[in-house]
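Below: the structure, in structure tokens.
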Amino acid sequence: SGGGLADAGVDAPPEQELESSFRSPVATGKYVWAANPDSGRVALIDATSYDVKIAEAGYGPTYLAAIPDASSNSAIVLNVKSHDATLFRVASDGTFSQKTLKTHTAANAWAVSPGGKWAIAWTDASALSSADPTEGFQDVTVIDLSPGKESSKILSVGYRPARLGFAKDETRAFAVTEPGISVITLDGAGPTVSALVKVTDDPLETPASRDVTLTPDGAWALVRRDGSASVSFVSLASGARTDLPLSGNVTDLDLSEDGLRAVAVVRDTSEVFVLPVPGAASDPTSIEKKTVSGEFFGSVALSTDASVALLYTNALANDHLTILNLLAGPEFLTHRTVALKAPVSAVFPAPDAKHAIVLQKTLAGSSKAGAFSVVSTAAQLSPKILGTDAAPNAVAIQPAPKSEHALVSVRDDAKKVFGVYRIKLSSQQVDFTKLASPPLATGIVGAAGKGYVAQLHPEGRITFIDFANGEVRTLTGFELGAKVVE
């Protein structure tokens, strides 16, 4: 149980970024899309009627992405064995269409532009085991999703891409790679790689130590390095770089969704820095600092609107969560800390910034396999703390404007304990539903007011939970084109 470690000079290991390992399955509108690599099919499930459509994809459909599209529900899947992608569209009248586009080999990840005009298939080396050092995975496939003009083009970017992003106006894309940021121009005659923006002057810098975040307008990259006290602002237009030294090694950096504010954490000094973007680059005096004496934290989770920052550590067993108010006004940079009785491993702020779900580990002597807490980040209420019989493995929270419900799934294959907790955030009411098979991923179907848990089952299994009335429906066997509703 935490606190006070900062003063003791504890030499802790690095913080772990656990958030990215929790991935929701793909939902668009009232539909859920599920891919089966073994059968070569994609199932389209209507979360309101539980009707199922089955579509043939390519060979080994594996990696799905939702496409933002005002006129249809659209998704795209990477077929890993046929080295192509299948684009699916369901029009408002229910008409179903699909198109197959060539991709490069070994693609295993998607980046989709904000308006759904472009998708880029790329290869995330961190998801591969023991990749050969000569494998740079430099190929990316840029896909134009314009209806009636769909096409794909394979381009080469820098060695080992780690992240891809788009400018908000969809005229450029950016690949964060080991040599720097490859700029892809999208508004010309065809997609081209137009520049390489360097993020360091040190040719021997270890790329794995860098954490590069792109602003949504495509104007700036923010760079944090392990063991460095500086945050770098890099102009993606000019390549100019400004290094802003803080008080010690920066252990985490989070950017608001609108890209106008970044929050940096210095674990050694228990300090938080709020950096206006891009203002801090030209005026370092605009950076606000807050010291939280007696607390030990090295990670930050920022709410979508950047009104609250949640500070914690998972480098050591520590049950403290510090809630820092970032709203302008007299309460700006005020904080409170709650003890959650079990070590924090990951924190998920609700999109409306009023609550958070905290996933936790258990200490020696506990009979529980894991734990999670429901924390009110707006009102000063006691957190709801629950021990679980299997470790939590995924979280899904309803989107804003009102994030009223959340799901936490738990899984223990050895003990065959599988289930999902339905949480009403405002009242902290928690209900448990036992699942028949291991949960793979958890998500929300916003248009249907439901949550769902996709499960490991040879013929397909998915459980829907109605947030309005608590009704639980499980579909099994939709992979066979027939469904059993339990």
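Using a cutoff of 4.0 Å between basic side-chain nitrogens and carboxylate oxygens, D46 and K30 are scored as salt-bridged. Under 4.0 Å is where a charged nitrogen must lie from a carboxylate oxygen, and between E150 and K99 at least one such pair does. Taking the charged nitrogens against the carboxylate oxygens, K368 and D389 do have a contact shorter than 4.0 Å, which makes a salt bridge. Under the 4.0 Å criterion applied to side-chain N and carboxylate O atoms, D413 and K415 are not assigned as salt-bridge partners. A salt bridge is defined here as a Lys NZ or Arg NE, NH1 or NH2 lying under 4.0 Å from an Asp or Glu carboxylate O, and K341 with D319 fails to meet this definition.
Using modelled atom types, no side-chain atom of S152 and backbone atom of T103 make a donor-acceptor pair closer than 3.5 Å. Within the 3.5 Å criterion, the main-chain N or O of G29 finds a donor-acceptor partner in the side chain of N73.
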Start with the C-alpha distance between D124 and N108, add both sets of side-chain angles, then the distance that settles side chain to side chain donor-acceptor pair (under 3.5 Å), and finish with yes or no. CA-CA 6 Å; D124 182 357; N108 66 359; 5.9 Å; no
Would you sort out whether S409 and N393 count as a side chain to side chain donor-acceptor pair (under 3.5 Å), showing the intermediate values? CA-CA 6 Å; S409 57; N393 77 325; 2.6 Å; yes
Between T476 and E459, does the side chain to side chain donor-acceptor pair (under 3.5 Å) criterion hold? Intermediate values first, please. CA-CA 7 Å; T476 302; E459 287 134 26; over 6 Å; no
Please determine whether ring pair (Phe, Tyr, Trp, His ring centres under 6.0 Å) holds for the pair Y312 and F297, giving the CA-CA distance in whole Å, both sets of side-chain angles, and the decisive distance to 0.1 Å. CA-CA 5 Å; Y312 65 99; F297 51 82; 9.5 Å; no
Side chain to side chain donor-acceptor pair (under 3.5 Å), that's the test. Do N314 and S299 meet it? Break it down for me. CA-CA 8 Å; N314 55 23; S299 293; 4.5 Å; no
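Ring geometry for F372 versus Y421: interplanar angle over 60°, hence perpendicular rather than tilted (30 to 60°).
A side chain to side chain contact (heavy atoms under 4.5 Å, CB included) with V272 is found for one member of D252, L311, V266 and no other, namely L311. In summary, of the residues considered (T100, L101, L78), a side chain to side chain contact (heavy atoms under 4.5 Å, CB included) with D84 occurs for T100 alone.
Of all the heavy atoms in V231 and A264, the pair that sits closest is CG2-CB, 4.4 Å. Contact detail for A406 and I397: the closest heavy-atom pair is CB-CG1, 4.0 Å. Contact record, T322 with E295: OG1-CG, 3.9 Å, taken as the closest heavy-atom pair. Considering every non-hydrogen atom in both W122 and H104, the closest pair reads CA-CE1, 3.9 Å. Taking each heavy atom of E56 and Q98 in turn, the nearest pair found is O-NE2, 2.8 Å. When every heavy atom of N36 is checked against every heavy atom of P458, the shortest pair comes out as ND2-O, 3.9 Å.
A 4.5 Å side-chain heavy-atom check between L359 and V408 finds at least one atom pair inside the cut-off. The shortest distance between side-chain heavy atoms of E257 and P216 does not fall below 4.5 Å.
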